[in-house]
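All ligand and atom numbering here is 1-based and tracks the order in the structure. Here the structure is a predicted model, which means the values were calculated and not measured.
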Amino acid sequence: MSLSKFKNEPFTDFSEKKNRKEFQKALEKVTARFKKEFPIVIGGEKIFCDEKLVDTNPSNPDEVIGTFQKGTTDLAIKAVVTANETFKKWKFTSPKKRAEYLFQAAKIMRKRKHEFSAMMVYDVGKNWAEADGDTAEAIDFMEYYAREILRYSDKQPIVKIKGEDNKFEYIPLGVGVVIPPWNFPLAILVGMTTAAIVSGNTVVLKPSSDSPAIAQMFIELLEEIKLPAGVVNFITGSGGAIGDVLVQHHLTRFISFTGSMEIGLRINELAAKAQPGQIWIKRVVAEMGGKDSIIVDKELISFDEAVTGTVQAAFGFQGQKCSACSRVIVDESLYDKFCDALVEKTRFIKVGNAANNPNMGPVINQRSKNKILDYINKAVEEGGQIIYGGKELPENGYFIEPTIIKDVKPYDTIAQEEIFGPVLAVIKSKNFDESMDIANNTMFGLTGAVYTKNKKKLERAENEFHVGNLYLNRKCTGALVGVHPFGGFNMSGTDSKAGGRDYLGLFLQGKTISEKSK
Ligand code: NAP
């Protein structure tokens with residue numbers, strides 16, 4: 001196979017009329033799916049349950065965008081057993097063949113990319129550019145991991161000795177339970193699933209209950225490329241009801257999870273306990289929450305760039321990115337001016353129905369909306385001052401104004417806990433030393449950024465800012481596959497570095513074979 005070099009999928013330029021028109025068409029087209037009901041798929045068998053999971057549009061919660069099944073524990077067990085049976089054959093499918101499935105899937109997704117993006121506009125309330133970025137990332141993951149498995153299955157370099165022929169190779173693990181979140185409901189789901197299967201594992205995929213509709217489109221794509229039945233088994237339903245069964249099953253070999261710290265820690269704990277019949281230590285890849293900071297120093301290349309970068313990182317996709325800036329730590333010499341500038345910039349943010357492509361859409365659901373509003377109240381109780389936003393919008397959807405709260409102290413609740421919404425805490429700092437201390441004062445360590453023109457301070461940040469993804473003089477969101485391998489330290493997870501050269505290693509085990517030579 002002659003293979004081109006990996007290149008990131010370009011984003012769609014929505015300033016072009018043609019692109020806007022095509023996207024509008026895709027938005028209309030996918031509505032035809034709203035009335036449909038979709039099954040659980042185990043080993044190719046389509047299964048309907050008594051209880052249904054109804055997926056709704058967060059911009060307009062009265063609008064149903066698809067009906068799904070509430071999987072039962074029996075079906076969860078069936079899915080693991082089926083994946084285990086399929087593994088016996090799939091593990092011997094050549095890496096080249098497995099890579100071809102991914103290339104084929106990427107090709108079709110690229111062709112229909114607006115349809116996938118349009119579905120995310122309805123499913124999770126992404127505006128057009130955010131949805132387009134999500135689809136581009138999903139395509140990137142498939143293109144990247146397909147190339148990666150070819151590298152991993154190549155001859156691996158080892159030291160030669162006389163009298164023996166030695167080789168080192170990577171083999172798959174077994175059945176993986178893949179549990180993605182709703183916030184990158186295509187990219188992360190596709191990345192986690194395809195990394196596992198291209199490495200020769202089989203999978204039970206349980207999508208988030210907030211975004212089964214986009215997950216379903218990916219399952220249909222896998223059917224279209226004729227991925228053998230049972231390689232990806234798809235079970236919808238509440239994580240609370242079936243998650244433990246999937247994680248604890250003795251045939252489950254690994255769990256690949258992205259989501260909150262709370263659930264990640266639970267999975268890690270349950271997976272650590274060997275079950276009767278289990279003959280391995282389960283591997284857990286858990287990518288979890290963040291409390292990401294931007295440091296704004298007094299010595300800046302551009303004040304405006306620091307303001308713009310902060311606002312984009314705080315409010316892009318309503319602040320619902322694990323990498324979102326939720327704390328900006330500002331040197332006291334420019335604190336007041338910076339707060340004013342943040343407010344001025346945020347005034348231009350329009351909030352509304354994601355289908356109309358505003359700057360910000362809704363947050364994901366009522367529970368999340370309530371939680372975010374509670375955090376805003378808590379911030380005020382603890383002495384914070386709202387300088388912009390702070391309220392929900394009266395519309396039917398789950399809309400919250402972009403919110404900026406100043407005078408937040410480094411250990412206040414909203415400076416420590418992940419909010420996962422459009423709320424930015426502004427923290428005053430005496431100097432760069434203190435900024436660095438504050439930046440490192442949470443249990444998380446996912447992303448962070450520093451704006452300064454002082455080279456020594458940038459060097460200090462490189463050495464001392466303890467995050468998995470550090471950005472210098474740019475915003476802390478927008479990681480690209482291959483360019484910015486992604487994953488966090490501390491309670492942000494196992495630092496799996498999705499989209500990087502180490503990632504597939506998490507789904508493989510190394511085998512050394514030594515033969516005495518004649
Ligand atoms: P979540 O509530 O933890 O849910 C994540 C997934 O876990 C969902 O599919 C959920 O299913 C499932 N789940 C729930 N309870 C479970 C259980 N007991 N056992 C097994 N699975 C269970 O997180 P979320 O709200 O979807 O996503 C937001 C979080 O993800 C944030 O904390 C964000 O920072 C984090 N995140 C991290 C990264 C990263 O790379 N570090 C990337 C994106 C997001 P149900 O929907 O059915 O409950």
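With rounding to the nearest 0.5 Å, the separation of CZ in F465 from OH in Y471 is 12.0 Å.
Judged by a 6.0 Å distance limit and a 45° cone about the ring axis, K126 is positioned over the six-membered ring of F317.
A donor and an acceptor atom, one from each side chain of N60 and N353, are nowhere located under 3.5 Å apart. Counted by atom type alone, T12 and D132 present one or more donor-acceptor pairs between their side chains at under 3.5 Å.
Looking at K321 against ligand 1, nothing comes within 4.0 Å, counting heavy atoms. Under 4.0 angstrom from ligand 1, the non-hydrogen atoms of M288 all belong to its backbone. With a 4.0 Å heavy-atom cut-off, ligand 1 is reached by the side chain of I188 but not by its N, CA, C or O.
Within ligand 1, counting atoms from 1 as listed, the ones closer than 4.0 Å to a heavy atom of L446 are 41 (N). For ligand 1, the atoms closer than 4.0 angstrom to any heavy atom of S238 are 47 (O).
Distances shorter than 4.0 angstrom do not occur between any heavy atom of G488 and any atom of ligand 1. Using a 4.0 Å heavy-atom cutoff, A241 is absent from the residues neighbouring ligand 1. By the 4.0 Å heavy-atom criterion, G493 is excluded from the residues contacting ligand 1. Judged by the shortest distance from any of its heavy atoms, N183 lies inside the 4.0 Å radius around the atoms of ligand 1.
We find that K371 and E417 are not joined by a salt bridge, their nearest charged nitrogen and carboxylate oxygen being 4.0 Å or further apart.
Using cut-offs of 30° and 60° on the angle between ring planes, the pair H466 and F489 is tilted. Below 30°, between 30° and 60°, or above 60°: for Y122 and F34 the angle between ring planes is above 60°, a perpendicular geometry. A perpendicular orientation is assigned to the rings of Y503 and F507, their planes being inclined by more than 60° (bins at 30° and 60°). Note on ring orientation: taking the six-membered ring where Trp is involved, the planes of W90 and Y101 are tilted (angle from 30° to 60°).
Between atom 1 (P) of ligand 1 and the options G264, S260, G468, A324, the minimum heavy-atom separation is to S260.
For ligand 1, none of its N or O atoms has an N or O atom of D210 under 3.5 Å away. Considering backbone and side-chain atoms alike, T258 places every N or O at 3.5 Å or more from each N or O of ligand 1. Considering both main-chain and side-chain atoms, P180 comes within under 3.5 Å of ligand 1 through a nitrogen or oxygen pair. Close N/O approach between F257 and ligand 1 is not found [any backbone or side-chain N/O within under 3.5 Å].
The closest protein non-hydrogen atom to atom 32 (O) of ligand 1 is E418 OE1, 2.6 Å. Scanning the protein for heavy atoms near atom 14 (C) of ligand 1, the closest one is G239 CA, 3.8 Å. Remark: minimum distance from atom 27 (O) of ligand 1 to any protein heavy atom is reached at P181 CB, 3.4 Å. Closest protein heavy atom to atom 25 (O) of ligand 1: W182 NE1, 2.9 Å. Scanning the protein heavy atoms around atom 35 (C) of ligand 1, the nearest turns out to be G259 O, 3.2 Å.
The shortest heavy-atom contact between A439 and I295 is CB-CD1, 3.9 Å.
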side-chain contact (heavy atoms from CB on, under 4.5 Å) between V426 and V330, worked out: CA-CA 7 Å; V426 195; V330 185; 3.9 Å; yes
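By the definition of a contact as any protein heavy atom under 4.0 Å away, atom 19 (N) of ligand 1 is in contact.
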